[in-house]
There are 2 protein chains.
Amino acid sequence: MEYSGKQIAIINAATKLFAEKGFDGASVRDIAHEADVNVAMISYYFGSKEKLMEAVFEDKTNNIKLKVENLLQDEGISHLQKVNILIDDYVDKFIHQQEFHKIMMREQLIDKNTPVACLIHELKKRNLESIKKLIQDGQKSGAFKKNIDIVLMMTTMVGTVSQMITAQHFYKKVNNLEHMDEMEFQKLMRKKLSAHLKNLFKQILTTDEQR
Amino acid sequence: MEYSGKQIAIINAATKLFAEKGFDGASVRDIAHEADVNVAMISYYFGSKEKLMEAVFEDKTNNIKLKVENLLQDEGISHLQKVNILIDDYVDKFIHQQEFHKIMMREQLIDKNTPVACLIHELKKRNLESIKKLIQDGQKSGAFKKNIDIVLMMTTMVGTVSQMITAQHFYKKVNNLEHMDEMEFQKLMRKKLSAHLKNLFKQILTTDEQR
DNA sequence: AAAACTTAATTAAACGTTTGTTTAGTTTTA
DNA sequence: TAAAACTAAACAAACGTTTAATTAAGTTTT
């Protein structure tokens, strides 16, 4: 789908306000004002507020797919290195698209089978399948141990990053990092999260579980 | 604050619907209908929808405080055992009060300094202080290693459990657990999460980080 | 103990806003 | 000059809240 300048402005304004206030909290007039267009343009271009949300999803999910497929083929790097690259990729994507990820978190909390919920479901399933392959490759080669609950492992990755973004003000405050500008702080978060998750994953994947 | 039967009904209805649909998504008429009371009773008893949300928080945060204070004094158990008890306690509270925790997650996503946001902030700060003591005790005794990023560790605990609850339908589906009834599935989640987090925390706290 | 009075609980209806969407008309573009 | 882009205004529906009237419960007076 090719979007005009105004349509892109609307999608970006919607992304910002849906992330800040939620779908019901952000009115179409808010969005139109933020995008600097007439209210009617939203219905005119997207049909409805609901459809606008779907357009946001179609637009933002294109840049969000993990680069795990190319990783699988690569034979020059170790299995653990592949996992580490995956972690870096995920953390990067999440931080650079915070707004959209916040929208995803909200939508997942809703107890309904909306079109958007299905999109998220498919996205997660596709990601999980790829990662499963990557882990199982490592298991076959003996680099990773058996009996890994991959879904639970992914839950920790997604959950840790989500929680960090959600509570970043809290993290800033308790660590006395309020002097930092936004860019600098994002870099720090990225670094800390990556190192932390790589450490955790190494333990999950390669160390024997204690019983 | 002592609440009458109807007031409790309103608070519980609000908790359910705020969790399902969010603050803006749940109308006062929805809530009144769910609680089987007249719409006007909400303003009559609580003043406003906003104040009702605050009442929900005051009511539900009373049963949510972690039992970490008593743990600190106890000298009969090891430092790692204390952490394990803390994990069990947290997982239990989260699963048994899913609805309220979903509300908390949503509220944390909002970029505003609402009274409710302050309540969450204080709750988290208090919890963090207690856990800090518990960890530092273990460090002084030599049971835990130095240089632990406690906030990051807590982010993983909170994040993993949150993510599991948020995406529990997904977890059910990919593990072919859809035949399970709700109670049985909650037991499984509780067990899996506890074991997983205990394993992770043991690594974070006692194993030397690889560099 | 009955009647009178007071306060609290409860209701249906109405209030003024704000909501998402549509209309009918105007301007711009090709 | 026909199609597309755009606008201000109007639309009905839903929103949170208030009102005015009624019922229930409790207290005081006779």
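All values below come from the heavy atoms of this structure, side chains included, with hydrogens, waters and symmetry mates left out. Proteins come first, then strands; the chains are lettered A, B, ... in the order of their sequence lines, and each starts at number 1.
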Query raised in the report: Under 4.0 angstrom, heavy atoms only, what part of the nucleic acid is A32(B) near: base, sugar-phosphate, or nothing?
Result: nothing

Report task. Please state how far atom CD1 in I42(B) lies from atom C1' in dT11(C), giving the value in whole angstrom units. Result -> 14 Å

Query raised in the report: Parallel, tilted or perpendicular: which describes the rings of F46(B) and Y3(B), with under 30° parallel and over 60° perpendicular?
Result: tilted

Requested in this report: Could you check whether the rings of F18(A) and F23(A) sit parallel, tilted or perpendicular, using 30° and 60° as the cut-offs?
Outcome: tilted

Query raised in the report: Do I135(A) and D137(A) come close enough that some side-chain heavy atom pair is under 4.5 Å?
Result: no

Query raised in the report: What orientation do F57(B) and F100(B) show, parallel under 30°, tilted 30 to 60°, or perpendicular over 60°?
Result: perpendicular

Report summary line: From the candidates dT21(C), dA12(C), dA8(C), the one with an atom nearest any side-chain atom of N38(B) is dA12(C)

Query raised in the report: Which part of the nucleic acid does Y45(B) contact within heavy-atom distance under 4.0 Å: base, sugar-phosphate only, or nothing?
Result: sugar-phosphate

Query raised in the report: Nearest to the side chain of R29(B) - dG20(C), dT23(C), dA14(C)?
Result: dA14(C)

Requested in this report: Please tell me which of G25(A) and S43(A) maps to the more 5' nucleotide of DNA chain C, matching each residue to the nucleotide holding its nearest heavy atom.
Outcome: G25(A)

Report summary line: Outer limits of DNA chain D sitting under 4.0 Å from a non-hydrogen atom of chain B, read 5' to 3', are dC15(D) to dT18(D)

Query raised in the report: Which part of the nucleic acid does S4(A) contact within heavy-atom distance under 4.0 Å: base, sugar-phosphate only, or nothing?
Result: nothing

**Report entry** Geometric cation-pi criterion K6(A) and Y45(A), 6.0 Å radius, 45° cone
**Finding:** no

Requested in this report: Take atom NE2 of H33(A) and atom C1' of dT18(C), then tell me their distance rounded to the nearest Å.
Outcome: 16 Å

Requested in this report: If the plane angle is over 60° it's perpendicular, under 30° parallel, otherwise tilted; pick one for Y171(B) and F185(B).
Outcome: tilted

Query raised in the report: Just how far, in rounded Å, is C1' of dG20(C) from CG of D24(B)?
Result: 15 Å

Requested in this report: Grab the CE-C1' distance between M41(A) and dT23(C) for me, whole Å please.
Outcome: 15 Å

